[in-house]
Amino acid sequence: MAIIQVEHLNYQYSNTDTKAIDDVSFEIQAGDWVAIVGHNGSGKSTLAKLLIGLMAADSGKITIDGQVLSPDTVWQIREKVGMVFQNPDNQFVGATVADDVAFGMENRSIDRDTMVTKVDEALKQVDMLAYKNREPANLSGGQKQRVALAGIIAIAPKILILDEATSMLDPRGRQEILAVIQQLKAQLNLTVLSITHDIDEAANADRLVVIDDGHFVEEATPEELFSHGKQLVEMGLDVPLPEKVKDALQERHVAVPQTYLDERGLVDWLRRSSLNK
Amino acid sequence: MNKVMFGRFIPGHSWVHRMDPRAKLVLSFLYIAVVFFANDFWTYLIMTVLLLASVAASAIPLKVYIRGLLPLFWLMIFTVLIQVFFGAGGHVYWQWGWLVVSQNGLNSAGLILMRFVLIILVSTILTFTTEPLEIADGIESLLSPLRKVHFPVATLALMLSLALRFVPTLMDEAEKIMNAQRSRGVDFGEGGLRQRIKTIVPILIPLFVNAFNRAIEISTAMEARGYQDGENRTKYRLLKWHGVDTVSLVIYVISLGAVFALRYFS
Amino acid sequence: MATEIKFEQVNYWYQAGTPFAVQALKNIDLHITPGSFTAVVGQTGSGKSTMIQHLNALLKPSSGTVTIGDQVITNETNNKHLKPLRKKVGMVFQFPENQLFEETVLKDIAFGPQNFGVSEADATALAKRMAAEVGLDESLLSRSPFDLSGGQMRRVAIAGVLALEPEVLVLDEPTAGLDPRGRLEIMQLVTQLRDEQGLTIVLITHQMDDVANYADHVLVMGHGELIKQGSPREIFSDPKWLEAHQLGLPSATKFAYELQQAGFRFDTMPLTVDELADELAPQLQKGANSHE
């Protein structure tokens, strides 16, 4: 069943001539991980904000978990969605790690005893319990994003939206966050919508939706999309290493398979065509 | 740079550190109020002993407190001089035109200096031993009766705590912008007033623009996390009144009561 | 004369002389030769940012000496003598778009040179040249920098530093937060500045692929110390050491190690995809895909 349904969505910023979102429609099934990709300025982040009513669409219909988004349902819909934004600093509103995790629960008027247990549980899941009383100034970007995830675990939403949540992190922080998200998705049976131009994050997804200049371009599996090779850069993604290696080999007159291979697949193919057996 | 000690929190586990911020706030205000009733040697002695005992209970060396006073040195000198020259009456020691040094002048200068130092030190105990956030919590809790008259206590407290949360972030940002502009050849703190004002623009504009963008992002994030009405929220942070608070309260009430007694009944 | 930078036994303490003093740099000795491309790598908090602030004397060493060109800087050096260095060593900080403030793009780029006594007319001409250099369209020059996209703002900021006409350009993660296309364009610009203008480049980065693709010298920082330096080949020749210091390998090198396990031979360990393909091609059947 589709947990997120977007139909003919349109949005235009008041100070611009062109639509930021132009007649976009797509569906996301419950339990799926879908990545929305596109280069900077393609309208990805606008889309994320429209989905939970942080901005109101000019026209079109958004249905989340059976509820049509409207001013009457927006707060109920936000109960079901956890969102992690790009800048780790600008979503850390608590004075300490524990306070920040509790923020979403305080907003939902959850009683204190429940909060106390849930804060600890959530921090444990993202491996930040030891930092419970730290202030954000003493945390790295990756740690702050883990705290943001803990805040989401604590409210147990059905949907997790990641709005370029790893783009300001160093490679290590990025990997840690991705590992945590994978684990959470399985544990909480989350539907994940990640807006990204990180190839590793995109590779984690079941399906990719490509957006360009506010238009829906295509929907594909990572394998299908990654076989586009160099064109991926125009879609706001890096070229995966196996594609780069295949290109470089082709330039050296080695005939290479046209289908997409992941690293494992490329190793296998290289081994089969090796001369030194 | 960065040697200012005044208003800074110094982590620790002393008696005073462990106290409830509400107790510390109330006792500090009580102390400051009673300072104005002290008027002779004995009352000042009690006030001083009480303060030194509190300093000792904070387990922070006195010299750190003294260093905290240094930035206020010129202000103290200025206040003292005003009192010396304009507090007329009593025996005149020295006179030059309208400048008079009299007994009353010296007395009131001494009193003012004493009050000044005591008030600064007692506030410094509060800020050295209490995290800004705890102070905000304490204020919120003390103001909570005002909720009955629909005063937005929780919203104000959240604003205060958000402001405190972003002070280090903004300071950091200001420093980064300053470094960037220095790298582009801006000299800070040099030249005349006009020159100095000119060098502030390249700092203030980016700082303001960034703070504004940041505020928008923060409010978006808060809304996404379900924040809609400041007053109907539960609270995670809890203040707890302990034995140390009761004991401290008793000591303060007895000492400050003694000051009153000496002033009005001796 | 080309500017050379030398650190000798440089130590730096933040908030020296207070109870909050922290040592951020410990006994750093290093040498940045004119025309080189130096990459600085290390964990967040390893002292990289403190180190680069010594390169244009934003910070003076607490002890030891920093020599920039013919000027020696110690703790006692008078701040008044430091300004000319800022023109010699241009500094592009992380998220440099946060330093823009002028009414128009052109004025912002022309701001730096005027602080060094260049006339407004000359600075404007310089700004136009630099805007073209970083690939900003002329139609943008009269716009407010705050109306541009993030990627464009970053170019404006870089042009503003280039307008100082420095000999050394220091860049602190210039591609952070950009999409892959933006990253590629900025790195192409940096190499072009080195190759065509002869600028000395110092690049702080977390991207080991960038180190492998562009740098000729690497400084590895850890806990305030310079824990290793050498050519990218030297640095990446010891994967175990890198892992122990929580640093990665270039993706091509990592892949080559996997292939080594699978029976491939490498005379020298490849650092880039091209080097990898050079080594692999002779070991493969030309019509390999006929086996599919």
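Per chain, numbering begins at 1; letters A, B, ... match sequence-line order. Just so you know, these numbers come straight off a predicted model, no measurement behind them.
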Checklist entry - What distance do B:E217 atom CD and A:F85 atom CZ have between them, rounded to the nearest 0.5 Å? => result 8.5 Å

Checklist entry - Short question: side chain of B:R225, backbone of A:Q91 - any donor-acceptor pair under 3.5 Å? => result yes

Item to check | Proximity breakdown for A:A98 and chain B, heavy-atom pairs closer than 4.5 Å | outcome: both

Checklist entry - Which bit of B:L133 comes within less than 4.5 Å of chain A, counting heavy atoms only: side chain, backbone, both or neither? => result side chain

Next on the checklist: Applying side chain to side chain contact (heavy atoms under 4.5 Å, CB included) to B:Y227 and A:E106, what does each step give before you reach the verdict?
Outcome noted: CA-CA 9 Å; B:Y227 182 84; A:E106 291 177 324; over 6 Å; no

Next on the checklist: Given 3.5 Å as the limit, does a donor-acceptor pair link the side chain of B:T234 with the main chain of A:I110, or not?
Outcome noted: yes

Item to check | Heavy-atom contact with chain B under 4.5 Å, split by part of A:M55 | outcome: neither

Checklist entry - Does the B:E223 side chain pair with the main chain of A:L54, one donor and one acceptor, at a distance under 3.5 Å? => result no

Checklist entry - Is chain B contacted by the side chain of A:V119, its backbone, both, or neither, given a heavy-atom distance below 4.5 Å? => result side chain

Checklist outcome for this item: Per-residue tally against chain A (heavy atom, under 4.5 Å) across B:R233, B:R214, B:K235 peaks at B:R233

Checklist entry - Given a strict heavy-atom distance threshold of 4.5 Å, which part of A:N138 is in contact with chain B: side chain, backbone, both, or neither? => result neither

Item to check | Most contacts with chain B, counted as non-hydrogen pairs under 4.5 angstrom, among A:V74, A:I52, A:D89 | outcome: A:D89

Next on the checklist: Taking side chain as everything from C-beta outward and backbone as N, CA, C, O, which of these in A:E135 sits under 4.5 Å from a heavy atom of chain B? Side chain, backbone, both or neither.
Outcome noted: side chain

Next on the checklist: Is B:T220 in contact with chain A via its backbone, its side chain, both, or neither, using a 4.5 Å heavy-atom distance?
Outcome noted: both

Checklist entry - Would the number of heavy atoms belonging to other residues, nucleotides or ligands and lying under 6.0 Å from OH of A:Y131 be above 12? => result no

Item to check | Heavy-atom pair count under 4.5 Å with chain A, highest-scoring of B:L158, B:L162, B:L238, B:N213 | outcome: B:L238

Checklist entry - Measuring heavy-atom distances to chain A, does B:I216 have an atom under 4.5 Å in its side chain, in its backbone, in both, or in neither? => result neither

Checklist entry - Which value, rounded to the nearest 0.5 Å, describes the distance between B:R165 atom CZ and A:T96 atom OG1? => result 11.0 Å

Checklist entry - Within a reach of under 6.0 Å around CZ of B:F208, are more than 12 heavy atoms found that belong to other residues, nucleotides or ligands? => result no

Next on the checklist: So does B:Y236 get a backbone contact from the side chain of A:R112, meaning a donor-acceptor N/O pair under 3.5 Å?
Outcome noted: yes

Item to check | CZ/B:F29: more than 12 non-hydrogen atoms of other groups inside 6.0 Å | outcome: no

